[in-house]
Amino acid sequence: MSRSPMVVRTVPALRRAVEALRSRKAAVALVPTMGALHDGHMSLVRLAKRRSQKVVVSIFVNPTQFAPTEDFGSYPRTWKADLAKLTAEKVDLVWNPDVKAMYPDGFATRIVPEGPATAGLEDRFRPHFFGGVATVVGKLFTQVRPDVAIFGEKDFQQLRVVTQMAADLDLGVKVIGSRTVRERDGLAMSSRNVYLSAEERQTAPTLHRAMKESAKRLKAGEDFEAAMAAGRELITAAGFALDYFEARHAGTLAPIASIKDGPVRILVAAKLGTTRLIDNIGV
């Protein structure tokens, strides 16, 4: 039976634990999460194990990246199941602070990212989001001081924002993106998938099908706008309320007019009922 990872909940305890992990100059990887762990998260942990000798997983539902109208209070919290999964993967350390530990009384500093954080994708619909993400990830990087940090590609704009921040602020962390893990029908794994009704769950893979259809048309040389319009039509016809369905430069997230402007990433966000889903694929 696997031994449970050490769990720490204060910054001083975290520092002591990480220092112990670094004995014999072991490389440390960080996998930041908000819990409600699924196979997608476990793929990040496995990649972390391949890229380092010691693995730290943080579990913190970060209030600063939720708007007042969003699901902070109802976001799935599954601590016992999460710890069991991390134990099975032989994770070394779990950093599980509460809000007071992360944002003590008098906390008054924020990171305000630009560049990929202002690309007109998620930021157009959730203007608060990347400031909250950058601030909490900046704190996680300075708390744990990992050699590498693993993020999923499903949150592609977030991956670009965090990568830029780590480079701009000389944080000494190599940010690595991990491929999106999907259900058999193509739906990207997400903690929020539990919100979908049975009928909505049947419809949700349309996002992936639409991206693949538009990518196929683009690669075949079809008119750029027509190829993207075909994907949007598939999504709205399935009953989604579409926020965006865009082909962007995969590095900068800048708008493009042709796949010759690439590398290209197709990114989508749409609501199905009350559940907002995001996804992306490379072209």
Side-chain angles (χ1 to χ4, degrees), residues 39-41 43-44 47 113-126 129-130 133 149-167 174-190 192-193 203-272 275-283:
D39 285 348
H41 294 109
S43 75
L44 306 184
L47 178 56
E114 297 179 351
T118 56
L121 296 166
E122 283 298 288
D123 51 291
R124 197 153 43 102
F125 297 89
R126 307 179 71 199
F129 181 68
F130 289 118
V133 167
I150 314 294
F151 289 80
E153 287 187 348
K154 184 180 76 70
D155 299 283
F156 195 78
Q157 189 176 6
Q158 173 179 280
L159 173 61
R160 294 268 72 85
V161 169
V162 168
T163 302
Q164 185 79 46
M165 178 190 70
K174 180 176 178 59
V175 177
I176 299 171
S178 182
R179 290 178 62 180
T180 302
V181 178
R182 299 184 180 278
E183 305 286 359
R184 286 187 175 185
D185 57 10
L187 177 65
M189 290 190 178
S190 168
R192 288 187 169 97
N193 289 350
T203 303
T206 303
L207 291 184
H208 189 229
R209 287 198 294 273
M211 289 189 295
K212 288 198 299 181
E213 176 65 22
S214 288
K216 180 181 175 183
R217 289 172 180 250
L218 288 171
K219 285 188 279 192
E222 190 169 317
D223 174 78
F224 187 86
E225 284 305 324
M228 295 306 294
R232 293 186 190 104
E233 189 175 332
L234 261 177
I235 292 167
T236 54
F240 285 88
L242 185 63
D243 281 352
Y244 59 82
F245 184 83
E246 303 264 354
R248 296 294 187 96
H249 188 282
T252 64
L253 299 183
I256 57 173
S258 162
I259 62 170
K260 294 176 183 177
D261 299 336
V264 179
R265 202 89 186 177
I266 295 177
L267 304 100
V268 62
K271 258 192 168 182
L272 189 57
T275 306
R276 188 173 184 274
L277 301 174
I278 65 170
D279 203 350
N280 65 88
I281 62 170
V283 176

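Here the structure is a predicted model, which means the values were calculated and not measured.
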Per the side chain to side chain contact (heavy atoms under 4.5 Å, CB included) rule, which among V161, T163, V162 passes with L159?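 The residue from V161, T163, V162 that satisfies side chain to side chain contact (heavy atoms under 4.5 Å, CB included) with L159 turns out to be T163.
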Given side chain to side chain contact (heavy atoms under 4.5 Å, CB included), test L44 with F151 step by step and report yes or no. CA-CA 7 Å; L44 306 184; F151 289 80; over 6 Å; no
Could you give all pairs that pass the side-chain hydrogen bond (donor to acceptor under 3.5 Å, both in side chains) test and reach residues 222-239, with sequence neighbours left out?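 Sorted result for residues 222-239: R217-E222.
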Only pairs at least two apart or in different chains count here, so list each side-chain hydrogen bond (donor to acceptor under 3.5 Å, both in side chains) that has a residue in residues 249-268.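 Sorted result for residues 249-268: E153-R265, R265-N280.
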To the nearest 0.5 Å, tell me how far [X] [atom1] sits from [Y] [atom2].
| X | Y | atom1 | atom2 | answer |
| --- | --- | --- | --- | --- |
| K216 | M211 | NZ | CE | 16.0 Å |
| L272 | L242 | CG | CG | 12.0 Å |
| R192 | T275 | CZ | OG1 | 9.5 Å |
| S190 | D279 | OG | CG | 9.5 Å |
| I266 | E246 | CD1 | CD | 10.5 Å |
| K154 | R182 | NZ | CZ | 9.5 Å |

Residues N193 and E183: side-chain donor-acceptor under 3.5 angstrom: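 On atom types as modelled, these side chains do not qualify, holding no pair under 3.5 Å.
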Applying side chain to side chain contact (heavy atoms under 4.5 Å, CB included), run through L121 and R248 and close with a yes or a no. CA-CA 10 Å; L121 296 166; R248 296 294 187 96; 3.8 Å; yes
Any idea which heavy atoms bring [X] and [Y] closest together, and the distance?
| X | Y | answer |
| --- | --- | --- |
| T203 | A238 | CG2-O, 3.5 Å |
| A204 | L187 | CB-CD1, 3.7 Å |
| A227 | L218 | CB-CD2, 3.7 Å |
| A210 | G231 | CB-O, 3.6 Å |
| V264 | A247 | CG1-CB, 4.0 Å |
| R160 | G251 | CD-O, 3.1 Å |

Side chain to side chain contact (heavy atoms under 4.5 Å, CB included) partners of [X], counting only residues at least two apart:
| X | answer |
| --- | --- |
| V181 | S43, M189 |
| L207 | I235, F240, V268, A270, L277 |
| Q164 | P116, D168 |
| L47 | R50, R51, I150, I176, S178 |

Are D243 and R124 ion-paired here, with the side-chain N under 4.0 Å from a carboxylate O?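 Salt bridge absent between D243 and R124.
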Dump the intermediate steps for side chain to side chain contact (heavy atoms under 4.5 Å, CB included) on H208 and D185, then the final yes or no. CA-CA 9 Å; H208 189 229; D185 57 10; over 6 Å; no
I would like to know whether F156 and I278 meet side chain to side chain contact (heavy atoms under 4.5 Å, CB included); could you show each step before the answer? CA-CA 9 Å; F156 195 78; I278 65 170; over 6 Å; no
Answer whether the closest heavy-atom distance between the side chains of R276 and R126 falls below 4.5 Å.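 Yes, close enough: below the 4.5 Å cut-off.
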